[in-house]
J.: 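Sharing a structure below in structure tokens format, with a few things to ask.
We count ligands from 1, going down the list as the structure has it; atoms in each ligand are counted the same way.
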Amino acid sequence: MPELPEVETIVRTLRPLLLDRRFGRIKLTRNDIVRPAGFDLPHRLVGRTVTDITRRGKRIIITLDDANRFYVHLGMTGRLTVEPAAGPIRPHTHLCADLCDRQDRQLRFRDPRRFGGIGWLGLGPDDERMGPEPLQLRPEQLFRRLSKTRRAIKNVLLDQAVIAGLGNIYVDEALFAAAIHPLVPARDLSPVQMRRLNRAVKLTLRRAIRHRGSTLRDYVDAAGAAGAFQTLHRVYHRTGDACIRCRMPIERIVVGGRSTHFCPGCQHPAG
Ligand SMILES: [Zn+2]
């Protein structure tokens, strides 16, 4: 599932392809991917020019020249790409938007499993239930958020209302980098551990962005290229491999229904 580094990479690769382009004919083949239900998205897009493309959490936010905004969420299998208009349209492509001034190109949204979708924000604010951005998170902000809950740190970091943008890959990698066991209750972390975690989250995300995200199955950037960070994962999907720090085999457990990878040698429950 695309997380912050993958979505950030899509935003960066989408900008040169989509910024200042005007939408022409819009073909939406599935209305149920659009929120709110029944919203006439093609009508609001046609003729409008894209003036900004940003990221908030795991969402790609596109601003139009009438100041309206909408977001694309990629869910599990979503792809948002700019492709040759003459190219074959793959199954499960739900939206094709012609770009007027580049008639040979189309913005396409494809999502076989349909956990993703497109949401209209209009002139309204971002989703206020979403937590702060991890790359801008100050240690005392993290401290405040973690010290309120006894839930396992893994689950707390996955909660988009606590911190926006993290998912299974980067939570496992950041907890390893910070040497924190995934099951430790969040409020039991010491101030030193919380500072270490805040630093580890940022370092992990920045490294992943530098390597253009992780491609496990479906993720590609806006130009269709895969990421390279998957080869640098230290624990995620590396069950049984020797830990790079202590050589103990990486273990896999299930936390909150999610596959969780950690080193039993470096990540102690007692901290
Ligand atoms: Zn280890």
J.: Do the charged groups of R69 and D126 touch, with an N to O distance under 4.0 Å?
T.: yes

J.: What protein N/O/S atoms sit under 2.8 Å from the Zn ion (ligand 1), by chain and number?
T.: C243 SG, C246 SG, C263 SG, C266 SG

J.: Run the salt-bridge test on D66 and R44 with the 4.0 Å N-O cut-off and return the result as yes or no.
T.: no

J.: Does the distance from a Lys or Arg side-chain N to an Asp or Glu carboxylate O, for K58 and E6, drop under 4.0 Å?
T.: no

J.: Check whether NZ of the Lys or CZ of the Arg R195 lies under 6.0 Å from the centre of the six-membered ring of F143 and within 45 degrees of that ring's axis.
T.: no

J.: Using the salt bridge (Lys or Arg N to Asp or Glu O under 4.0 Å) rule, collect all pairs that involve residues 253-264, keeping only residues at least two apart or in two chains.
T.: none

J.: Can a side-chain donor-acceptor contact be found between T77 and D111 if the only test is distance below 3.5 angstrom?
T.: yes

